[in-house]
Amino acid sequence: MIKVNDNFGRLAPNYLFSEVARKIRIFQQENPEAHVIKMSIGDVTRPLCPAAVEALHRAADDQGLAETFRGYGPEQGYPFLAEKICQFDYAARGIDISPDEVFISDGAKSDLGNIGDIFSADCTAAITDPVYPVYVDTNVMTGRKIVFLPCTEANGMVPGLPTEPVDLIYLCYPNNPTGTTLTRAQLKVWVDYARKVGAVILFDSAYECFITEEDIPHSIYEIEEAKECAIEFRSFSKTAGFTGMRCGYTVIPHALKGVDSMGNEVSLNGLWRRRQTTKFNGASYPIQRAAEAIYTPSGQTQIRESVDYYLHNAAILRQGIGAAGLNFRGGINAPYVWVKTPEGLSSWEFFDLLLAQTHVACTPGVGFGLCGEGYVRLTAFNTLAATEMAMDRISKLTL
Ligand code: MLT
């Protein structure tokens, strides 16, 4: 029989969100009358904005006419979208990124999972704990050594620098799952460290649009010299409701270099281009047109309304969770609220209790890593009515 990749045997049997969905499904089958409010996976509930929908319709028409039909597109994305990204997401913040440093894809999850292809399997990955499970699982699949960086009450959820050599450093800010942030000064510590030891920071800024406070960097490239040590991942999922559309992008500056086993300097932008042109045929044309439309004046206004709607939900979560006497973090610069379980309950015990008593589904913190034990995560992505109803139910929780 064929030999399989043994590393898969080191993974949990199910991906975290599949496991949570399975548990909710079972609960719903056993309690068909229960109206379950899902505050587990961070999936959006607001529809696509009108500007994106109109662009989708126009792109569908383009595909129906010989003169405007498009077949295979550029694997790294159409220039019409890359140019908007450079202008709106970077130049507007004083950051100079050129379109050929931008790689458009079917989402940040794919890019974060695939980026490991361009690094040696011998690299050691430093990963904060708790964390978005894709970073850990994909490095386990490759068989890489992982060094965990605990984020705990003791360090205020700010990871300390590794105490052993590492090559790759995964940082996600605003953070999924804890909703916490790093200030410019705190992020600069990581950029300085990565440059000093020759590591690469893989910076996931999928939640950048939820930043409300002044001193929080929207891009790692706001930190001087980060172009020499960081790759940035962005997503349209939460910014523009694209979880079902699938579109995101990765920025790999030309200044970012690696070294091969012969000691030759290699461009990481060039390696990723080679990887993407080989394994990926580009995000679809209509989806990229829809993403382009969010950069129009009406698109910008419309997506801002949705982000503000979710931030309002987050404020309701903070208010409701606090009123229920539970300790929490997040929800100010992020759509997630990280809740300490009461009475020493484990994450899964509190998940079960919340589901059974209030019919509210959360994500158990331990699913994001061992340091997440004793916490659960709630998302602000449900509707306002469901968020209010969930908080009303949680206010009656008995322990
Ligand atoms: C989450 O709930 O953590 C995210 O929605 C999952 C994802 O973006 O893949």
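Along the sequence shown, residues are numbered consecutively beginning with 1. Atoms within each ligand, like the ligands themselves, are counted from 1 in listed order.
Under a 4.0 angstrom heavy-atom cut-off, Phe381 registers as lying outside contact with ligand 1.
Relative to the ring axis of Phe368, Arg377 does not place its NZ or CZ within 45° and under 6.0 Å from the centre.
For ligand 1, the atoms closer than 4.0 angstrom to any heavy atom of Tyr336 are 1 (C), 2 (O), 3 (O), 4 (C), 5 (O). Contact atoms of ligand 1 toward Gly42: 1 (C), 2 (O), 5 (O) (distance under 4.0 Å to a heavy atom of the residue). Heavy-atom contacts of Ile41 reach the following atoms of ligand 1: 2 (O), 5 (O) (cutoff under 4.0 Å).
Of the protein's non-hydrogen atoms, the one nearest atom 9 (O) of ligand 1 is Tyr132 OH, 2.6 Å. Ranking protein heavy atoms by distance to atom 5 (O) of ligand 1, first place goes to Lys238 NZ, 3.0 Å.
At most 12 non-hydrogen atoms from other residues, nucleotides or ligands lie less than 6.0 angstrom from CD of Glu214.
In terms of modelled atom types and a separation under 3.5 Å, the side chain of Tyr221 and the main chain of Glu232 share a donor-acceptor contact. Between the side chain of Ser395 and the main chain of Asp392, a donor-acceptor pair closer than 3.5 Å is present. Formation of a donor-acceptor pair under 3.5 Å by the Glu373 side chain with backbone atoms of Ser347 is found in this model.
Checked against a 3.5 angstrom limit, the closest N/O atoms of Arg377 and ligand 1 fall inside it. Between Asn176 and ligand 1, an N or O atom pair is found at a separation short of 3.5 Å.
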Original post:
Do Phe350 and Leu397 pass the side chain to side chain contact (heavy atoms under 4.5 Å, CB included) test, and can you show the C-alpha distance, the side-chain angles, and the key distance before you say yes or no?
Top reply: CA-CA 11 Å; Phe350 193 51; Leu397 185 71; 3.9 Å; yes
